[in-house]
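These notes are about the structure you will find just below.
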Amino acid sequence: NAGVTQTPKFQVLKTGQSMTLQCAQDMNHNSMYWYRQDPGMGLRLIYYSASEGTTDKGEVPNGYNVSRLNKREFSLRLESAAPSQTSVYFCASSPNVDTEAFFGQGTRLTVV
Amino acid sequence: KNQVEQSPQSLIILEGKNCTLQCNYTVSPFSNLRWYKQDTGRGPVSLTIMTFSENTKSNGRYTATLDADTKQSSLHITASQLSDSASYICVVSALTGANNLFFGTGTRLTVIP
């Protein structure tokens, strides 16, 4: 039982490049989330998927897109990376919204 | 405005000592309050979750309290260990759907021998 698995763990991008962060959970959770964590700030919600087939914007969605591929997988795409997107990204899942969330190990992204 | 404030920002204590971390919030309507532990380079891990009707909950050496009237919570760590060195994040959930979690910026605890 791996919980929430994120790939890659580290990534360096050049400004303007694109990439997709992958997230998979094996707990049969309905809800999945993408957060970013920046120094001196609390985690901020980028996008979430309350259930398979639905996605909604969070607090800071600009510059990102998501895909809920199936119940297990929820990916985050940066179409044209910017230095302001340098951050640590966390994927999380929960049985349903407003229940305890389980976090992945994070992806440290640097955009130069 | 929904906010969660934690204090202190950082704390250094000797191994074996106790400590208390504070969380004040203005989130409304309130659903639940959670404390997470985040080790350096890792994702947050849940310690406790408390609803409106619960005023204390323990998880081993961690005891969380909640005063819903004053909108304050504390996390007490007893007999600290070196492995307690981490950031402790207070998260308050509002009764408004998935985009409803409000995160504090955390207290960075360092336990020294």
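Residue numbers start from 1 in every chain, and the chains themselves are labelled A, B, ... in the order their sequence lines are given, proteins ahead of strands.
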Under 4.5 Å between side-chain heavy atoms, hopping through other hydrophobics if needed: is there a path connecting L21(B) to V111(B)?
yes

Which bit of Q38(B) comes within less than 4.5 Å of chain A, counting heavy atoms only: side chain, backbone, both or neither?
side chain

Side chain / backbone / both / neither for R42(B) at chain A, heavy atoms under 4.5 Å
both

Less than 4.5 Å to any heavy atom of chain A: does that hold for the side chain of D39(B), its backbone, both, or neither?
neither

Answer with yes or no whether the hydrophobic clustering places L45(A) together with Y89(A); edges join I, L, V, M, F, W, Y residues whose side-chain heavy atoms lie under 4.5 Å apart.
no

Looking at chain B, which one of V4(A), D56(A), T99(A) has the largest number of heavy-atom pairs inside 4.5 Å, strictly under?
T99(A)

Residue pair L101(B) / Y35(A), side-chain heavy-atom distance below 4.5 Å:
yes

Do F103(B) and V60(A) belong together in a cluster built from hydrophobic side chains that touch within less than 4.5 Å?
no

Toward chain B, the part of A92(A) with a non-hydrogen atom under 4.5 Å
neither

Take atom CZ in R44(A); do more than 12 heavy atoms of anything else shown fall under 6.0 Å from it?
yes

Could you state whether V112(A) and L109(A) fall into the same hydrophobic cluster, counting links through intermediate Ile, Leu, Val, Met, Phe, Trp or Tyr residues with side-chain heavy atoms under 4.5 angstrom apart?
no

By a 4.5 Å heavy-atom criterion (distance strictly below it), what part of S31(B) contacts chain A: side chain, backbone, both, or neither?
side chain

Could you tell me whether I112(B) atom CD1 has more than 12 heavy atoms of other residues or ligands within 6.0 Å of it?
yes

Sequence neighbours excluded, every pair satisfying salt bridge (charged side-chain N to carboxylate O under 4.0 Å, His left out) that has a member inside residues 78-94 of chain B:
R61(B)-D84(B)

Over all heavy atoms of both residues, which pair between A101(A) and R34(B) is shortest? Give the atoms and the distance, please.
N-NH1, 3.7 Å

T107(A), part contacting chain B, at a heavy-atom distance under 4.5 Å
neither

Inter-residue atom distance Y36(B).OH - E100(A).CD, 0.5 Å rounding
5.5 Å

Side chain, backbone, both or neither: which part of Q37(A) has an atom under 4.5 Å from a heavy atom of chain B?
side chain

Partner residues of Y47(A) under the ring-ring contact (aromatic ring centres under 6.0 Å, His included) criterion, sequence neighbours left out:
none

